[in-house]
Amino acid sequence: MRSLAIVGLLLFATATLLGQTPQEDVLGIHNLGPGSQSPATGALPACQFCHAPHSGLNSTSLPNLPLWSQKLSTESNYILYSSPTLVNTELEPALGSASNLCLSCHDGTVAPGTNVPYGNLQMSGAMNSQDLFIGTLQGIHPFNFKLPLNCANDNLLSNLCSGSTGNPAVPLVNGNVQCNSCHNPHAQFVDPVQGDFLVMSNANSALCLSCHVSQPSDISAIRVRTASAAPATAGAGGGTGSATGISHSAGGQYNPFTAWRESVHATAAHKLSRNSKVGPYTTVNQNACQSCHTSHNAPGGAQLLNGPIPAIPNMDAATQNCITCHNGGTNLSPAIPNVYAEFAKGGHPFPAGRNGHSEQEGLVLNNDRHATCVDCHNPHASQPTGSFATTAIRPSQSGTVGVSATDGTTEVNPAVDQYEICLRCHGPSTGKQILAAYGYSPVRATTGGDPLNLLPQFGMAARSSHPVMHESKSGLPQPSLLKSMWNLDGRAQGRPISARILCTDCHNSDDNREFGGTGPNGPHGSQFSHILERRYEFSQVAPGLPPAAGPGSTILNLLPAVLDSGAGGPYSLCAKCHDLNNIVSNASFSKHALHINAGFSCSVCHTSHGMGANSSNVLGERMVNFDLKVVGENGTSSSPTPISYNRGTNTCTLTCHNYSHNADGTVTPAVNRKPLTPKR
């Protein structure tokens, strides 16, 4: 009875000194005694591998040790956790501190059974390698922060600013996060599924959310700031976000973690296979944070990312983490669309070499352009897209940062219009390239400077454009415009056409489910050039100089005059919104039928985005902006006639397909021509 009383006193003292309430003694693998399930065992009673009823390590210099009998780790050169997003500073655990007691065994420098009162014990077996943090805490959830905590700028610790966690079962030790904030060394299965000596069940990430989410959630709130943190106005290009909103942290910035509880990763009930290696629970919502993050020995290091097992060669850690589930494999049931397969068709470029993704990278991606999943999606706020009615931002992109159409650099956080996310790369960023991998690229008669900067092409100053950043303002009738977009099959009607369209109405997976397919939505990849949802042909001529080749010479890839609205039809992308029968009726241009029947593509005469600039000869009405790789000036090389278009008379002046189009509307065989350069 005396010995039992001593053991009970030891357990009570230990739990109290570690900041925990006493619990039933179910030591699990921390019982290293004979016959236990621990991988390392020796010949002592269970409690005495760590505690001594007499002659423990308590001393004047270490007065608060819980009758400690285990040798303390004196390691002082840990590689501490680091991350670009880490605001608070992690410190080396002090000798005799709560975390130092755990590290006596778990940093690999002290063998179990190296006990002070008893000397070195004869042990058999060895600790599991996954439980050892030899020399490094880089892949370990940070703890033992420098106090006081910097709560003003750290959304991740927003629940700790009051000096306690959001759950009494999760203790702080002297106001700090220590190993025993998450782990109770005396009870292995408080969480009956995960075990791991957690202080509470972490199903649905209840343990994680004790520290990492602030409330209330309001994803509709918007905070816009410039580099100087001065409030600005969003949506000047015609977007829906026109005012600053509220913030969710003391630092005045929008906290994306406030939307976590409504996000798809917190709510999806998809079942996980046993071989998924994604958390210990059976569904996505039960694993929640652990679907992407692991608290110990994280292979991704910074951000504690899981990454797939085995790793995917030549792919950055951020993308690999998503591909674990979004690869069309058997990890999830029911299955979800295979995003990974879309990229293989020809999609946005993964980071490679020196253009890797970083949480600290500039908002506008210049020479470091890349496209990880988290550039377009916020995994802590992304929601299922159940309806496609909106022409603002898709729920799958909720909580993602973007830039304002005012200047292409002012931060909009979170983005309220889809194009604000696209402008991070496709606006005024430097280092943009025309890559052959995406197919033919026309050269327009009027460019206005950077031909890859879409901001002026779609902006309010554009003479004419597709209504992405603002509603149409041309005032011209649109007789060919349909009431609803066609689905991919060209037979069923999709979303009704409204005053605005999205970037993804043209740049989209060729099998996306919004328009009748079974694949993922968004510009992940497509069999069609430029990540276009449907076939869009560019008329091309042989390379060389006129008149044998080059601008104005014979078009090589004449199209069949097939008015097919299906995705594979020669004019199918335009036919998604425009009635081809109306176009060939010449309702808006008297020569439409002639050109289509001759096999010319829309791209010869029209730019697909908008007119960011115009000239006296090319005014930009109806997005008429000729491709200078295809058309040339008419007249002679010594006396050329500038290329032009007159909407009033529906005539143009140029040479195309070896025929000169004259200002009086006549068409004559071409004579010598010279190559053109675009007007700036």
Side-chain angles (χ1 to χ4, degrees), residues 84-85 222-242 244 252-254 256 316 318-319 347-379 381 392-394 397-435 438 447-462 465 468-470 502-504 507 522-523 530-531 609-610 612-613:
T85 59
I222 171 176
R223 175 76 179 184
V224 183
R225 61 185 176 86
T226 62
S228 61
T233 299
T240 57
S242 57
T244 57
Q253 297 181 27
Y254 170 77
D316 65 291
T319 305
H348 276 101
F350 292 140
R354 291 181 295 177
N355 72 327
H357 170 77
S358 168
E359 287 293 330
Q360 295 300 94
E361 67 192 10
L363 178 65
V364 176
L365 297 177
N366 293 305
N367 293 307
D368 58 343
R369 292 176 72 212
H370 55 71
T372 63
C373 304
V374 294
D375 287 318
C376 299
H377 303 278
N378 179 349
I393 199 168
R394 290 288 189 239
Q397 294 181 296
S398 295
T400 307
V401 66
V403 294
S404 171
T406 304
D407 53 18
T409 57
T410 299
E411 179 175 310
V412 182
N413 191 2
V416 293
D417 282 295
Q418 185 188 75
Y419 63 78
E420 292 169 338
I421 300 172
C422 302
L423 285 176
R424 290 187 61 196
C425 289
H426 298 285
S429 63
T430 59
K432 298 189 292 294
Q433 301 177 39
I434 296 176
L435 300 178
Y438 294 106
T447 65
D450 181 359
L452 299 181
N453 182 359
L454 301 188
L455 182 54
Q457 296 179 35
F458 284 118
M460 288 296 293
S465 69
V468 173
M469 296 183 187
H470 56 80
L502 295 160
C503 302
T504 52
H507 298 282
H530 299 284
I531 322 181
H609 294 132

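The analysis underlying the following values was restricted to heavy atoms, covering all of them including side chains, and did not include hydrogens, waters or symmetry mates.
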Taking only residues two or more places apart in sequence, or in another chain, which ones meet S465 in a side chain to side chain donor-acceptor pair (under 3.5 Å)?
none
Point-to-point distance, once rounded to the nearest 0.5 Å, from CD of Q433 to CG of N367:
8.5 Å
Residues two or more places apart in sequence or in another chain: which of them pass side chain to side chain donor-acceptor pair (under 3.5 Å) with N366?
T430
Pairs meeting criterion salt bridge (Lys or Arg N to Asp or Glu O under 4.0 Å) with involvement of residues 425-435, two or more places apart:
K432-D450
For H370, what residues pass the side chain to side chain donor-acceptor pair (under 3.5 Å) criterion, not counting sequence neighbours?
E361, D375
Any side-chain heavy atom of I531 sitting closer than 4.5 Å to one from Y438?
yes
Using side chain to side chain donor-acceptor pair (under 3.5 Å) as the criterion, list what pairs up with R424, not counting sequence neighbours.
none
For H530, ring-ring contact (aromatic ring centres under 6.0 Å, His included) partners two or more places apart:
F538
Decide yes or no for P379 and V374: does some side-chain heavy atom of the first lie under 4.5 Å from some side-chain heavy atom of the second?
yes
The reported gap from CG in L452 to OG in S429 (rounded to nearest 0.5 angstrom) is 8.5 Å
With the side chain counted from C-beta on, respond yes when V401 and L363 share a heavy-atom pair under 4.5 Å apart, and no when they do not.
yes
To the nearest 0.5 Å, what is the distance between SG on C503 and NE2 on H426?
8.5 Å
Rounded to the nearest 0.5 angstrom, the OG-NE2 distance for S398 and H377 is 11.0 Å
Do V403 and T410 come close enough that some side-chain heavy atom pair is under 4.5 Å?
no
